[in-house]
Amino acid sequence: MLLSLAQSRRNIEGVLFDVLIVPAELPEALKMQEQGSAYNAQVQAKGKGRGLGAPHLFVFGGLLEALLLRQQSIGKVNFEKLTEFKARLQSLDYEEKMDITRFTKVDRCYDQGKRRITLCLQEGRKEVIGALQQLGAELKSGRAPASHMERELQEWLEVFLQ
């Protein structure tokens, strides 16, 4: 049951999210981590009823700001489109921003030299992914492979059920 749930989760994530693997020292990944830490510090300082909104909006803001600082690296077209996208986001209310930027997260990978950026964007998706790819990101698609623990558990179950 646990293994089938893990497989189902990976299937769903493969459909809903864009996953990019980037170098750990990429300024965009570092800025996303910085924004996540700043959000956590604000939550601890304010406590319950903080009214800060969703953390992924802070993380996405860090990503967008870092991308815009690299105008030469992401190209003129991407820079212009991302600048327009940022202006549009700034003109929207909280709920509209949530509809456009559904999910943004940066995680460590098994390889310590890499980070995984997970995105779910309703607008600006092509430009953000294109800019990250120009900076060396590798776009992943499809279901993620099983984790080490899942593979070991599967092997153990196969032996046990024989």
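All residue numbers in this chain count up from 1 along the given sequence.
The CD atom of Glu96 lies 7.5 Å from the CZ atom of Arg88; values are rounded to the nearest 0.5 Å. Once rounded to the nearest 0.5 Å, the distance linking CD of Glu65 with CG of Leu67 reads 9.5 Å. Atom CG of residue Leu132 and atom CG of residue Leu119 lie 7.0 Å apart, to the nearest 0.5 angstrom. In this structure, CZ in Arg115 is found 11.0 Å from CG in Leu26, a value given to the nearest 0.5 Å. How far CG of Leu64 is from CE of Met32: 10.5 Å, rounded to the nearest 0.5 Å. The CG atom of Leu20 sits 12.0 Å away from the NZ atom of Lys114 when rounded to the nearest 0.5 Å.
Cluster membership for Ile21 and Val59, using ILVMFWY side-chain heavy atoms within less than 4.5 angstrom, is not shared. Both Leu68 and Val128 are part of a single hydrophobic cluster, where members link through side-chain heavy atoms under 4.5 Å apart.
Looking only at distances, no side-chain donor or acceptor of Gln134 sits under 3.5 Å from a matching main-chain atom of Ala131. The main-chain N or O of Gly53 is found under 3.5 Å from a side-chain atom of Tyr39 such that the two form a donor-acceptor pair.
For the side-chain contact (heavy atoms from CB on, under 4.5 Å) with Glu28, the qualifying choice from Leu63, Val106, Ile74 is Leu63, the only one to do so. Checking each of Glu127, Lys126, Arg70, Gln71 against Asn78 for a side-chain contact (heavy atoms from CB on, under 4.5 Å) leaves exactly one that passes, namely Glu127.
The two residues Leu52 and Lys46 make their nearest non-hydrogen contact at CD2-NZ, 4.0 Å. Between Ala66 and Pro27, the shortest heavy-atom distance links the atoms CB-O, 4.3 Å. Residues Tyr94 and Ala54 share a closest heavy-atom pair of OH-N, 2.9 Å. Nearest heavy-atom pair, Leu57 versus Lys97, reported as atom, atom and distance to 0.1 Å: CD2-O, 4.1 Å. The heavy-atom pair separating Gly136 from Pro23 by the smallest distance is O-CD, 4.4 Å.
Between Phe60 and Phe85, the ring planes are perpendicular. Angles over 60° get that label, and only those under 30° would be called parallel.
Within the 4.5 Å cutoff, no side-chain heavy atoms of Val22 are placed close to those of Leu135. Residues Arg102 and His56 fail the side-chain proximity criterion, which asks for heavy atoms closer than 4.5 Å.
Taking 4.0 Å as the cut-off between side-chain N and carboxylate O, Lys31 and Glu34 count as a salt-bridged pair.
Annotation: Tyr110, atom OH; neighbour count of heavy atoms from other residues, nucleotides and ligands within 6.0 Å does not exceed 12. Residue Lys105 qualifies as open at atom NZ: its count of foreign heavy atoms under 6.0 Å is 12 or below.
Residues passing the ring pair (Phe, Tyr, Trp, His ring centres under 6.0 Å) test with Phe79, sequence neighbours excluded: none.
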